[in-house]
Amino acid sequence: MVERELRLELEKTHQSGDWGGTLTPEMIEYAARDVEVLLPLYEVLMAKIEEADLSDAAEIEHRVLPAVVWMSCAGVPIDAEGWREHARISEEDAALLKDELEVLAPEHPDGKAWNFGSHQQVRKAAKLLGVDLPDTRDETLALYATDNNFIAALRDYRKAAKLASTYGAGWLETGYHEDGRIYASWRQLRAATGRMACDHPNLQNIPRSGLLRSYVRAPEGRIFVVADYSQIELRIAAKISGDLEMLSAYAEGRDLHTLTAQNLTGREDVSEDERKLAKAVNFGLLYGMGTKGLTFYALRSYGVAMSLEEAALYCRRFFETYLGLKRWHEHERRVWQRGETETRTLTGRRRMDVEKLTDRLNAPVQGTGADGLKLALALLWERMSESPGTTPVLVCHDEVVVECDAEQVGEAKAWLEKAMIEGMDTVLNGTDKGHVPVEVEGRIARSWGDGG
DNA sequence: GCCAAGTGCGCC
DNA sequence: AAAGGGCGCACTTGGC
């Protein structure tokens, strides 16, 4: 335990007082004490950090902080006209699909209008048509949609209603300013794994399909560079598990999804669909998903249908191929069974109170990705002078978008890619640079929705 | 009318 | 035996 603690009670009563007028001697005294405490507090907290072996992780957080402020203050440019027009059409689409849904719905027992946003009412309506829904998730609805027009129409309506409600005109209200930019609230350390988060509005879950991302658009004379890490979580898992198959694949510059597809099918030539299947298998099984989970996940996220028997076969083949990954899972299971509840990333970032085995598998991988991205952002801040007029405007877990003057874009792209590779390489490989190669693909774009 | 929990779904 | 993880937001439900 740390010996030194600050045993101070800070007076809180002035915290919410009126600081806009004349300050009383008591208020000035309070303000002074509030500041005075920071230096001894720093000493105590730094000692605790060192005691807990968190110095490296803390250093990353300290270095990335100014970069997060930089990004937050920069805001992200938005084509508000385009967004609003899109929102208007989305609302029309949803209203139209709702009308169609009402025609296909059974008569309401009380003669009232159905509320299709209520899962209780949706289940009741389906029951009147002879379908007993266990829940109303889309993958459940998908099982009945071919035989039931109402359920098919419900799926279409749901999709449109989501766009109209979450990404409608209201989305723009929260953070938009009249200078044409959105100033969202970035949370440097929000997720339990160490990832960042964003709200008001959340810039990290704007739909990828459709046009919405194209309204995140650089203003006249400015341009974006969008860069993302290639298969970063799989590379991190390769490093953490020490899996020889994965390590050699990456050392040779091969693609792991294709490799998995080859091993699942037993053929050298694999189709695009088979690679898609392999992607679902890779991401699912990496973090301890079961066979049943795999069938749902493959359908939901990749549109790949498989039986339980097929899923079991893929599971077996996967762990026959990646023996190091299997060993890592077995090791973590033993640690978990001993009752250990602490996990750490490669930089030593700690997550406590981990109760589930699947969390033990995921947290160090996801968290190491966050470590690397944060160090990359810190490097951008520290090397700001190497690409003047360039600012990060948003980050999305394995992706960074920067905005710069159009004539500056070549330098900005090189500057961004270099920092991203260096940041991740440092946390991933330490002094053994390049052991697991880090690949970053940057592209030049007028909007977030261009290319990629 | 407010609040918390539950459900569902957008992203990585 | 059984098992993806991490978020934020909209909406309903149920209690006050």
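Chain letters run A, B, ... following the sequence lines, proteins first and then strands; every chain starts at 1. Everything quoted here is computed from the prediction, not taken from an experiment.
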Under 4.0 Å between a Lys/Arg side-chain N and an Asp/Glu carboxylate O for R267(A) and E274(A)? yes
Among dG6(C), dG8(B), dG4(C), find the nucleotide with the atom closest to the side chain of M289(A). dG4(C)
Would you say a side-chain N or O of T358(A) is under 4.0 Å from OP1 or OP2 of dG5(C)? yes
Short side-chain N/O contact to dC9(B) OP1/OP2 from R158(A), under 4.0 Å: yes
Ignoring backbone atoms, test whether K159(A) places a side-chain nitrogen or oxygen under 4.0 Å from the OP1 or OP2 oxygen of dG10(B). yes
So, is K292(A) near the phosphate of dA3(C), with a side-chain N or O under 4.0 Å from OP1 or OP2? no
When you check the gap from the basic side-chain N to the acidic O, do D179(A) and R181(A) get nearer than 4.0 Å? no
To the nearest angstrom, how far is E330(A) atom CD from dA1(C) atom P? 16 Å
Of dC12(B), dG6(C), dG8(B), the nucleotide closest to the side chain of T193(A) is dG6(C)
Which whole-number value in Å describes the distance from R351(A) CZ to dG6(C) P? 5 Å
Between dG6(C), dC11(B), dC9(B), which one does the side chain of R208(A) approach most closely? dC11(B)
Would you indicate, yes or no, if dA3(C) has its OP1 or OP2 atom less than 4.0 angstrom from a side-chain nitrogen or oxygen of R360(A)? no
Let me know the distance between CD of Q120(A) and P of dT13(C), rounded to the nearest Å. 5 Å
Of dC9(B), dC11(B), dA3(C), the nucleotide closest to the side chain of P207(A) is dC11(B)
Is the shortest side-chain N to carboxylate O distance from R158(A) to D138(A) below 4.0 Å? no
To the nearest Å, give me how far apart OH (Y287(A)) and C1' (dA3(C)) are. 15 Å
Would you mind telling me which of dA10(C), dC12(B), dG8(C) lies closest to the side-chain atoms of D398(A)? dC12(B)
E422(A) and R383(A) ion-paired at < 4.0 Å: yes
dC11(C) OP1/OP2 closer than 4.0 Å to side-chain N/O of S118(A): no
